[in-house]
Amino acid sequence: QVQLVESGGGLVQAGGSLRLSCAASGRTFGTYGMAWFRQAPGKEREFVAGASGSGGSTSYADSVKDRFTISRDNAKNTVYLQMNSLKPEDTAVYYCAATSLGIASIRRIYKYWGQGTQVTVSS
């Protein structure tokens with residue numbers, strides 16, 4: 001069982017930055033692929049970024065490439081999402097997720113989810 005707790009969301013102006021954190025329980029954090037998803041009102045939950053267990057492989061949605069960076073610190077059981085050059089369309093609830101099946105943008109492979117943290121970008 002893995003428990004995930006996100007933090008770091010908030011209100012920011014367009015062009016600003018935020019860093020989200022996701023703290024995980026358990027002693028096998030480094031064996032899980034980790035990802036960030038987001039869900040805007042009235043929209044499907046979508047993949048944002050993912051990182052392999054070691055952090056050596058990462059993947060990004062086209063909409064956030066070159067603006068967002070996913071990283072992880074396995075010694076602290078934490079995964080981060082650094083978000084720069086934020087846009088109003090980045091407004092959403094951001095969720096952290098974990099899977100034992102590598103990394104992918106497919107939502108259904110992620111078994112464990114956090115409760116989400118709200119990110120609001122004003123224009």
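Just so it is clear, the values below take in all heavy atoms, side chains as well, and ignore hydrogens, waters and symmetry mates.
Not one N or O on the side chain of Arg72 forms a donor-acceptor pair closer than 3.5 Å with the backbone of Gly55. Without hydrogens or angle criteria, Thr78 side chain to Ala23 main chain gives no donor-acceptor distance under 3.5 Å. In terms of modelled atom types and a separation under 3.5 Å, the side chain of Ser52 and the main chain of Ser57 share a donor-acceptor contact. Listed for the Glu6 side chain is a donor-acceptor partner under 3.5 Å among the backbone atoms of Gly116. Tyr110 places a side-chain N or O within donor-acceptor distance of the main-chain N or O of Ala104, the cut-off being under 3.5 Å. Without hydrogens or angle criteria, Asn74 side chain to Phe29 main chain gives no donor-acceptor distance under 3.5 Å.
Once rounded to the nearest 0.5 Å, the distance linking OG1 of Thr99 with CZ of Arg108 reads 11.5 Å. For the atom pair Gln82 CD and Ile70 CD1, the distance stands at 12.5 Å (nearest 0.5 Å).
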How far apart are the C-alpha atoms of Met34 and Cys96, what are their side-chain angles, what is the distance that settles it, and do they pass the side-chain contact (heavy atoms from CB on, under 4.5 Å) test? CA-CA 7 Å; Met34 299 297 297; Cys96 175; 3.5 Å; yes

Which is it for Asn84 and Ser17 under the side chain to side chain donor-acceptor pair (under 3.5 Å) test, yes or no, and what are the steps along the way? CA-CA 4 Å; Asn84 299 328; Ser17 299; 2.9 Å; yes

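Residues Val79 and Trp36 form a side-chain contact, since some pair of their non-hydrogen atoms from C-beta on lies under 4.5 Å apart. Residues Thr69 and Leu81 have side chains not in contact (no heavy-atom distance under 4.5 Å, counting atoms from C-beta outward). Looking at Gln39 and Tyr95, their side chains come closer than 4.5 Å, going by heavy atoms from C-beta outward. Counting only heavy atoms from C-beta outward, the side chains of Asp90 and Arg67 approach each other to under 4.5 Å. In this structure, Lys87 and Val121 have side chains that are not in contact, with every pair of non-hydrogen atoms separated by 4.5 Å or more. The shortest distance between side-chain heavy atoms of Gln118 and Thr91 falls below 4.5 Å.
Side chains of Arg38 and Tyr94: a donor on one and an acceptor on the other come within 3.5 Å.
For Glu46, the CD atom counts as densely surrounded, since its 6.0 Å shell holds more than 12 non-hydrogen atoms of other residues, nucleotides or ligands.
Taking the centre and axis of the six-membered ring of Phe47, the NZ or CZ atom of Arg107 falls outside the cone set by 45° and 6.0 Å.
Ionic pairing of Asp62 and Lys65 is present here: one or more N-O contacts between side-chain nitrogen and carboxylate oxygen are shorter than 4.0 angstrom.
Residues Val2 and Ile109 fall into different hydrophobic clusters, defined by Ile, Leu, Val, Met, Phe, Trp and Tyr side chains chained together at heavy-atom separations under 4.5 Å. In the hydrophobic cluster analysis, where Ile, Leu, Val, Met, Phe, Trp and Tyr join through side-chain heavy atoms closer than 4.5 angstrom, Leu86 is grouped apart from Val93. Hydrophobic cluster membership is shared by Tyr60 and Leu20, with clusters built from Ile, Leu, Val, Met, Phe, Trp and Tyr side chains linked at under 4.5 angstrom. Residues Tyr80 and Leu4 do not share a hydrophobic cluster, clusters being chains of Ile/Leu/Val/Met/Phe/Trp/Tyr side chains in contact below 4.5 Å. Tyr32 and Ile103 fall into different hydrophobic clusters, where Ile, Leu, Val, Met, Phe, Trp and Tyr are joined by side-chain heavy atoms under 4.5 Å apart, directly or via other members.
In this structure, Ser123 and Ala14 approach most closely via the heavy-atom pair CA-CB, 4.4 Å.
Here Phe37 and Trp113 bring their ring centres to under 6.0 angstrom of each other.
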